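Notes follow once the structure below has been shown.
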Amino acid sequence: MKGQYSYLITSILLPFLFLLWASHISASNSTIDSFVQCLQSHSNQSHPISNAIFTPSNSSFLNVLYSYIRDSRFNTSSTPKPLAIVTALDATHVQATVICAKKSGIQIRIRSGGHDFEGLSYVSSVPFVILDMFNLRSIDIDMQSETAWIDGGATIGELYYKIAQKSRVHAFPAGVCFTLGAGGHFSGGGYGNMLREYGLSIDHIIDAHVVDANGRLLNRETMGEDLFWAIRGGGAASFCVIISWKIKLVRVPEKVTVFNVPKTLEQGATDVVLQWQDIASTIDRKLFIRVQPQTIQTFPRLGLQAQDCTEMPWIKTTLFWNGDSMGTPLEVLLDRTPTPSHSYGKHKSDYVKKPIPRAGLETIWKKMIELQADVFLMQWNPYGGKMSEISSNATAFPHRAGNLFKMQYLALWQDDSIEATYRNIQATRELHATFTPYVSSNPREAFLNYRDIDIGTNENGNLVFASDLYKDNVKRLLQVKAKVDPSNFFRYEQSIPLFPRAMKQ
Ligand SMILES: Cc1cc2nc3c(=O)[nH]c(=O)nc-3n(C[C@H](O)[C@H](O)[C@H](O)COP(=O)(O)OP(=O)(O)OC[C@H]3O[C@@H](n4cnc5c(N)ncnc54)[C@H](O)[C@@H]3O)c2cc1C
Ligand SMILES: *[C@@H]1O[C@H](CO)[C@@H](O)[C@H](O)[C@H]1NC(C)=O
Ligand SMILES: *[C@@H]1O[C@H](CO)[C@@H](O)[C@H](O)[C@H]1NC(C)=O
Ligand SMILES: *[C@@H]1O[C@H](CO)[C@@H](O)[C@H](O)[C@H]1NC(C)=O
Ligand SMILES: *[C@@H]1O[C@H](CO)[C@@H](O)[C@H](O)[C@H]1NC(C)=O
Ligand SMILES: *[C@@H]1O[C@H](CO)[C@@H](O)[C@H](O)[C@H]1NC(C)=O
């Protein structure tokens, strides 16, 4: 193996083969009218806002709404719709939206890439408007300083593409799916296959432009280190709107190696996973080996062979990880329409701190086969390396040293029936319950970017969800929240709540 970087996917091919929320909103036309009037009166002549306002009376309202809905679970006729959508064309429109929504007492939902697994960026059970960031997508790279400014509404595919246009030996550590928005993805941590070498996206963010609850445009210096700490891993939507991030690029070799080694249970997948657990978080940090147990048998191939190792420039590895063939033109990175356009999902996460014994693995495989999900997929992502060296309070993201790997659970389906939704969601919950003896506890840690409403909401002062997501960083997040957003303007089901008592201690 010549590549300095090697990524290996082991697919454990196991020969295998629910909750709806909806409520109706009625808000008077006069609320919308006064909101729209306010927007117009706060609009600067040199930045007209009219072209950015969509109310249900505009003929493209629904198309704008659908454009960034990524999960069909939140795309039904009973899914609550916004009173209006503001497709901000510049930062002044974001400022006006915050000021006017606050004045009109309307909740906002901020949407960048729209990938929130529970639709929290575009659905609410109370009257709301969507602040849609997709027009704010510029990416400005400065090779001299190896830094870039990237707008919240840019996708990571666009970032990867623009970096590759400038350099073959630079990259940025972020996620696999090209259509993720920088606004949500980075503020939730942002991880990808360079995690062990370089840590998370937030570990390479050096400045940001945000709009706070008073509609002020701030940068790192003017927002202060507390807020800058919180938006790196604490989820920005509890505190402010991200207009843009300043990032530091990382260096990669000219050639990178990728592998894919499928194994079925009959081919000894369990032994491979046992070995993987012993080495994956301790081997050379340039090696990131993801295990992907799944219930669909697609690749009838055997063990690792020389031809499984393919060398390529870093940018090509993004295609490999995204499942695209190597001949695919790089412009696929710029495509904002995910495929399939119609699909349902339920996701969960866990952190594993000690190896799961053979008997445990066997119990889990059995459960995966038994449970009637349409497609079950898991992704086991090794930790260690850089992740163990960054302190758990350096940013708001707490899951650092002490983890062997992080797991994602995904059930995917395309059947529109309520029965399918119920069955697949239940199956995901049951599989998650099966893992209880083998994963972190007190708190049962979870990954913010893998949004999961089952871990709780902030209703009635409940903080269980926050402790799972942020561990000991909850206290500082509560303090930052009380300081920067004392009226709790930036709120949603899992936002950091306002707790005056937490401030006083
Ligand atoms: C196919 C797929 C693959 C994925 N792969 C990875 C992966 O490899 N690594 C990883 O870390 N995660 C991954 N994720 C999870 C992903 O990081 C999260 O869903 C992330 O929140 C998406 O950000 P977004 O801007 O696209 O989503 P949105 O739905 O737009 O936003 C998500 C959250 O961030 C808030 N938000 C969005 N924009 C802003 C803003 N400008 N200012 C303030 N708050 C904002 C929203 O209000 C919401 O709370 C994946 C998700 C999908 C669907
Ligand atoms: C409110 O209703 C009136 C009359 O039906 C309509 O003309 C107007 O466009 C509506 N306002 C908005 C913002 O939809
Ligand atoms: C309007 O925008 C212009 C250009 O950005 C700026 O110079 C001016 O100060 C703004 N005016 C107000 C009233 O904010
Ligand atoms: C949508 O309608 C509102 C009035 O209801 C108007 O102010 C706005 O300019 C329209 N938006 C677009 C993009 O045409
Ligand atoms: C949402 O519904 C619209 C209209 O039916 C459709 O065009 C779009 O593809 C759907 N999106 C998803 C993710 O289901
Ligand atoms: C993190 O915690 C350590 C030890 O408790 C403390 O000394 C340090 O100041 C903290 N760092 C931050 C950034 O809060």
Side-chain angles (χ1 to χ4, degrees), residues 29 32-33 35-37 39-40 42-61 64 68-71 74 84-88 90-92 94-96 108-124 130-134 136 151-156 173-193 195 200-202 208-211 231 235-245 290 321-322 338 343 345 347 349 379 381 397 406 408 410 412 447-451 490 492-495:
N29 175 304
I32 316 171
D33 283 345
F35 174 69
V36 169
Q37 264 165 28
L39 288 177
Q40 265 145 3
H42 276 83
S43 176
N44 179 330
Q45 295 306 318
S46 38
H47 307 272
I49 199 169
S50 302
N51 294 338
I53 306 170
F54 292 86
T55 64
S57 59
N58 298 104
S59 57
S60 353
F61 175 77
V64 174
Y68 290 87
I69 290 183
R70 300 308 194 206
D71 191 311
F74 313 106
I85 304 170
V86 182
T87 60
D90 63 64
T92 65
V94 174
Q95 294 175 282
I108 66 166
R109 292 294 162 120
I110 313 159
R111 182 163 76 169
S112 286
H115 276 296
D116 193 295
F117 288 145
E118 303 281 1
L120 302 186
S121 57
Y122 53 89
V123 183
S124 175
I130 295 177
L131 173 54
D132 227 333
M133 303 295 286
F134 66 86
L136 297 179
D151 281 354
T155 65
I156 60 166
V176 168
C177 167
F178 303 150
T179 51
L180 301 178
H185 178 60
F186 291 179
S187 71
Y191 88 96
N193 45 41
L195 171 100
L200 306 169
S201 304
I202 48 171
H209 290 160
V210 309
V211 169
I231 59 176
S238 292
F239 307 99
C240 59
V241 183
I242 303 293
I243 301 292
S244 54
W245 303 103
R290 170 185 281 178
W321 278 87
N322 197 47
S343 81
H347 306 248
S349 59
Q379 289 176 342
N381 300 287
F397 181 96
K406 171 183 68 193
Q408 178 180 197
L410 306 79
L412 301 171
F447 177 37
L448 174 58
N449 268 351
Y450 291 161
R451 178 88 67 198
F490 290 108
Y492 62 94
E493 291 80 348
Q494 288 186 341
S495 60

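Note that this is a predicted model, so its numbers are computed, not measured. Because only heavy atoms are used, hydrogens play no part in the values below, and waters and symmetry mates are left out as well, while side chains stay in. All ligand and atom numbering here is 1-based and tracks the order in the structure.
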Practice task
Give the contacting part of Q45 toward ligand 3: side chain, backbone, both or neither, where contact means a heavy-atom distance below 4.0 Å.
Solution key: neither

Tell me: protein heavy atom nearest [atom], and distance?
atom	result
atom 51 (C) of ligand 1	F117 CZ, 3.4 Å
atom 29 (O) of ligand 1	S121 OG, 2.6 Å
atom 18 (C) of ligand 1	N449 O, 3.4 Å
atom 24 (P) of ligand 1	G113 N, 3.5 Å
atom 27 (O) of ligand 1	H115 N, 3.1 Å
atom 6 (C) of ligand 1	L180 CD1, 3.7 Å
atom 3 (C) of ligand 3	S46 OG, 3.3 Å
atom 1 (C) of ligand 3	N44 ND2, 1.3 Å
atom 32 (C) of ligand 1	D116 OD2, 3.8 Å

Please determine whether any non-hydrogen atom of [X] lies less than 4.0 Å from an atom of ligand 1.
X	answer
R111	yes
G175	yes
F447	yes
G190	yes
G114	yes
H347	no

Practice task
Determine the interplanar angle of the H347 and F117 rings, folded into 0 to 90°, and report it as parallel if under 30°, tilted if 30 to 60°, perpendicular if over 60°.
Solution key: parallel

Practice task
Give the ring-plane orientation class for F134 versus Y68, where under 30° counts as parallel, over 60° as perpendicular and anything between as tilted.
Solution key: parallel

Counting each atom of ligand 1 from 1 as listed, which ones have a heavy atom of [X] under 4.0 Å away?
X	result
G181	23 (O), 24 (P), 25 (O), 26 (O)
C240	43 (C)
C177	1 (C), 2 (C), 3 (C)
A237	35 (C), 43 (C), 44 (N), 47 (O), 49 (O)
Y191	7 (C), 8 (O), 9 (N), 10 (C), 11 (O)

Exercise for the section: Could you tell me whether atom 7 (O) of ligand 3 has at least one protein heavy atom nearer than 4.0 Å? Expected result: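 Given the 4.0 Å cut-off, atom 7 (O) of ligand 3 does not count as touching protein heavy atoms.
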
Practice task
Indicate whether atom 14 (O) of ligand 3 is within a distance of less than 4.0 angstrom of some protein heavy atom.
Solution key: yes

Show the atoms of ligand 4 that are less than 4.0 angstrom away from any heavy atom in [X].
X	answer
S50	8 (C), 9 (O), 11 (N), 12 (C), 13 (C)
S57	5 (O)
F54	13 (C)

Pick whichever of [options] has a heavy atom sitting closest to [atom].
atom	options	result
atom 5 (O) of ligand 4	I32, T55, V86, D33	T55
atom 23 (O) of ligand 1	R451, K406, H185	H185
atom 46 (C) of ligand 1	I243, I110, I69, I130	I110

Practice task
Flag N58 as yes when one of its N or O atoms lies below 3.5 Å from any N or O atom of ligand 4, and as no otherwise.
Solution key: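 Yes, there is a polar N/O contact under 3.5 Å.
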
Practice task
Report yes if some N/O of I53 lies less than 3.5 Å from some N/O of ligand 4; otherwise report no.
Solution key: yes

